[in-house]
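What follows is a single structure, written as structure tokens, with notes after it.
A note on names: the letters A, B, ... follow the listed sequences, proteins ahead of strands, and every chain is numbered from 1. Please read these numbers as outputs of a predicted model, since none were measured by experiment.
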Amino acid sequence: MPKPKIEPRLPKGMRDFLPAQMIKREYVFGIVREVFHLYGFEPLQTPSLELTETLMGKYGEDADKLIYNAKHTEGKEELSLRYDLTVPLARVVGQYQNDISLPFKRYQLSPVWRAERPQRGRYREFYQCDADIAGIATMQADAEVVSLVVTALKKLGFPQFVVKINNRKLLTAIGQYAGLEGEPLANLYRSIDKFDKVGADGVAKELRERGIADDIATKILALVTTKQPGTQQLDYVAGIMGDFEAGQAGIAELRDVARFLAELDVPAEHYEFDFTMVRGLGYYTGPIFEGVVTEPNLGSIMGGGRYDDLVGMFRGETIPTTGISLGIERIIDVMDILGLYPPGIGGTVLQVMVAVFGEDTRAASSGLAAELRAAGVRTELYMQDKGVGKQIGYADKKGIPVVALLGAEEIAAGTVKLKRLRDGAERVVARADAAAAVSELL
RNA sequence: GUGGAUGUAGCUCAAUGGCGGAGCUCUUGAUUGUGGAUCAAGUGGUUGUGGGUUCGAGCCCCAUCAUCCACCCCA
């Protein structure tokens, strides 16, 4: 074979998914879709490319630099690869006022692109699955999407995870409480967001390095890191933030979220109010969410929040909207590490392989394969001229659970011999019963 | 974008500046109606790329590219 002229390789941060991986991915996708349907969210698909003007300026300055330019060399339109699924949704809600009735509950499971430096759990092309509710201003919608992710993660088999809940308005009030605004305030947010990673001392140190006065830093840290069970956490902060209008508003929203979550029977162990959690995206206006698994720690596996003003950028009126985004890639990484796949999810979609003994029995084997397929059994017909031992070895390596053996003996008797590779169990059945017998052996 | 580490067979890795190796994988055979195990043989490489130092470079120096890690930021 001649040497390939082109070195086969991938763009930075992008991956191929070989069949064994795709089978697992599609299992995850399937569960997520199922749960989303259960909550009444319906599918939406938008193009990978958006007009650059649609995307720019929605995520904050830093993020704009991470947007892939996708303009054709001779194209007249300025195009970019989508950076998330939220802004395309806002565009859709703005664009199809006659076709969309509110509230609009949609989900979208699609790849997004970010030109970040790749790292563990960080890719330049990755799938997100967003579920959003446009047109509902009350916290019922926020509770609904939190309930949705909790159900989805439980259904996927995650043993322990927690959705952290905070509020942008409350963060604004904390800034007022600290007497900071603009860049110093942004730095404050960035620092306290690292609380989980670097601890109180680390945050205090960083605040000092960023020129935030010690007394302010101490005050903020005490406020933000005090842990109280459940809604007592809200009472505690309300006592301190009472003087700030934004603080009152933010706390009131969180109280509503808590109430609705309880009404929806969302287990208390799966959510908590955490005032150290900050989300970077610029468009959030109310409650914000972030889901984390502590073991293994691959960063957050979901994020979201309320963005009441974003749709207004694409529509004469503003439409209150809230939603969440599941980080499918990290969910899959965690599932791989924890082995959360059911036993049936193997390296193949096949259920049976029909072996071929020789040229004289090929027609019979082909016929059996046709019958099995007609009966809905996922069947591979062996296509090389190899010994039966090799054929079984091939099936085993590929993870095909059952091999159908059809030699001269079986043909003469009108039977099929089925061998289950997992334990070597063999059964001889009438050819007409082969499909049913395969299903029993699985 | 910033800093650090690493690039040798498909994969994981050895090799004092002196003849490029091992394990696994893969192919074939032992085994023409029964896989995984074992044994044997075989395929596989311009040592990421381009320069430089040297009698001689996988090894030292410079550049470049790629990957990983930590920042920044984020799913």
### Task
With heavy atoms under 4.0 Å as the rule, sort Gly121(A) into base, sugar-phosphate or nothing.
base
### Query
For rA41(B), what is the paired nucleotide under Watson-Crick or G-U wobble rules, both distances under 3.5 Å?
rU27(B)
### RNA chain B contacts made by residues 141-151 of chain A, counting heavy atoms under 4.0 Å
none
### Message
In this structure, how many angstroms lie between the C1' atom of rG35(B) and the OH atom of Tyr382(A), rounded?
### Response
12 Å
### Message
Any non-hydrogen side-chain atom of Leu442(A) less than 4.5 Å from a side-chain atom of Val402(A)?
### Response
yes
Identify each donor-acceptor pair in which a side-chain atom of residues 336-352 of chain A lies under 3.5 Å from a protein atom, sequence neighbours left out, and give them as a table.
unit_1: Asp336(A); atom_1: OD1; unit_2: Tyr341(A); atom_2: OH; d: 3.3
unit_1: Thr348(A); atom_1: OG1; unit_2: Leu350(A); atom_2: N; d: 3.0
unit_1: Gln351(A); atom_1: OE1; unit_2: Arg378(A); atom_2: N; d: 2.8

### Message
If only side-chain N and O atoms count, and only distance matters, is there a donor-acceptor pair under 3.5 Å linking Tyr394(A) with Lys390(A)?
### Response
no
### Query
Hey, would you say the Tyr68(A) and Tyr83(A) ring centroids sit under 6.0 Å apart?
no
### Task
Taking only Lys NZ, Arg NE, NH1 and NH2, and the carboxylate oxygens of Asp or Glu, determine whether Glu116(A) and Arg124(A) approach each other closer than 4.0 Å.
no
### Query
How about Lys155(A): does its NZ atom have over 12 heavy atoms from other parts shown lying under 6.0 Å from it?
no
### Query
Would Phe126(A) count as stacked on rA75(B) if the rule is ring centres under 5.5 Å and plane angle under 30°?
yes
### Query
Taking the C1' atom of each, how far is rG48(B) from rU6(B), in whole Å?
12 Å
### Message
Please verify the inter-ring angle class for Phe36(A) with Phe41(A); under 30° counts as parallel, over 60° as perpendicular, anything in between as tilted.
### Response
tilted
### Task
With heavy atoms under 4.0 Å as the rule, sort Ser325(A) into base, sugar-phosphate or nothing.
nothing
### Task
State, without any angle test, whether Tyr283(A) and Asp84(A) hold a side-chain donor-acceptor pair at a distance under 3.5 Å.
yes
### Task
Could you work out the separation of rA5(B) and rG58(B) based on their P atoms and round it to a whole Å?
23 Å
### Task
Please state how far atom CG in Leu81(A) lies from atom P in rA75(B), giving the value in whole angstrom units.
18 Å
### Task
With P as the reference atom in both, quote the distance from rC59(B) to rU53(B) in angstrom, rounded to an integer.
15 Å
### Message
Check this one for me: any side-chain N or O of Gln119(A) less than 4.0 Å away from OP1 or OP2 of rA70(B)?
### Response
yes
### Query
To the nearest angstrom, how far is Arg122(A) atom CZ from rC68(B) atom P?
12 Å
#### Entry: Pairwise P distance, rU28(B) and rU46(B) [rounded to whole Å]
24 Å
Could you go through nucleotides 26-28 of chain B and list every protein N or O atom that sits under 3.5 Å from one of its N or O atoms, giving the distance for each pair?
unit_1: rC26(B); atom_1: OP1; unit_2: Lys397(A); atom_2: NZ; d: 3.3

### Message
Quick one about Arg168(A) and Tyr284(A) (side-chain donor to acceptor, distance below 3.5 Å, no hydrogens or angles considered), yes or no?
### Response
no
### Message
My understanding is that a pair needs two contacts under 3.5 Å, Watson-Crick or G-U wobble. By that rule, which nucleotide pairs with rG21(B)?
### Response
rC13(B)
### Query
Sub-3.5 Å donor-acceptor pair from the side chain of Thr415(A) to the main-chain atoms of Ile411(A), do we have one?
no
### Query
Side chains of Ser325(A) and Asp130(A): is there a donor and an acceptor less than 3.5 Å apart?
yes
### Query
Does the side chain of Tyr382(A) come under 3.5 Å of the side chain of Ser365(A) through a donor N or O and an acceptor N or O?
no
### Task
Could you point out which residue of Asp132(A), Ile136(A), Ile319(A), Leu89(A) forms a side-chain contact (heavy atoms from CB on, under 4.5 Å) with Phe104(A)?
Leu89(A)
### Query
So do the side chains of Glu253(A) and Lys169(A) get within less than 4.5 Å of each other, counting heavy atoms only?
yes
### Query
Taking the C1' atom of each, how far is rC11(B) from rU67(B), in whole Å?
15 Å
### Task
Report the distance from atom CZ of Arg124(A) to atom C1' of rA66(B), rounded to the nearest whole Å.
12 Å
### Query
How is Tyr123(A) classified with respect to the nucleic acid when contacts are heavy atoms under 4.0 Å: base, sugar-phosphate, or nothing?
base
### Summary
Asp333(A) CG to rA75(B) P, in whole Å, measures 15 Å
### Stretch residues 399-428 of chain A: residues that reach within less than 4.0 Å of RNA chain B through a heavy atom
Leu405(A), Gly407(A), Ala408(A), Glu409(A), Glu410(A), Lys417(A), Lys419(A), Leu421(A), Gly424(A), Glu426(A)
Within the sub-3.5 Å range, which N or O atoms of nucleotides 3-10 of chain B have a protein N or O partner, and how far apart are they?
unit_1: rG3(B); atom_1: O6; unit_2: Arg117(A); atom_2: NH2; d: 3.3

### Query
Do the side chain of Arg330(A) and the base of rC74(B) come within less than 3.5 angstrom through a donor-acceptor pair of N or O atoms?
yes
### Message
Could you check whether Lys164(A) pairs with Glu290(A) (Lys NZ or Arg NE/NH1/NH2 to Asp/Glu carboxylate O, under 4.0 Å)?
### Response
no
### Message
Assuming nearest nucleotide by heavy-atom distance, tell me which of Ile328(A) and Pro11(A) is located more 5' along RNA chain B.
### Response
Pro11(A)
### Query
Any luck finding a side-chain donor-acceptor pair between Gln128(A) and Ser110(A) under 3.5 Å?
no
### Nearest-angstrom distance, P atom, rG7(B) to rU49(B)
14 Å
### Task
Give Glu116(A) one of three labels, base, sugar-phosphate or nothing, depending on what nucleic acid heavy atoms sit under 4.0 Å from its own.
base
### Message
Using a 6.0 Å cut-off, check whether atom CG of Asn69(A) has over 12 heavy atoms from anything other than its own residue.
### Response
yes
Between the protein and nucleotides 48-50 of chain B, which nitrogen or oxygen pairs are less than 3.5 angstrom apart?
none

### Query
Expressed in angstrom and rounded to an integer, what is the separation of Leu350(A) atom CG from rG35(B) atom P?
21 Å
#### Entry: rA57(B) versus rG17(B) - spacing of their C1' atoms, nearest Å
7 Å
### Task
Tell me the partner of rU6(B), counting only Watson-Crick (N1-N3 plus N6-O4 or O6-N4) or G-U wobble (N1-O2 and O6-N3) with both under 3.5 Å; none if nothing fits.
rA66(B)
### Task
Sticking with atom C1', work out how far rG45(B) lies from rC13(B), rounded to a whole angstrom.
15 Å
### Message
For Thr285(A), run the side-chain contact (heavy atoms from CB on, under 4.5 Å) check against Asp309(A), Thr172(A), Leu310(A), Thr321(A) and tell me which one passes.
### Response
Asp309(A)
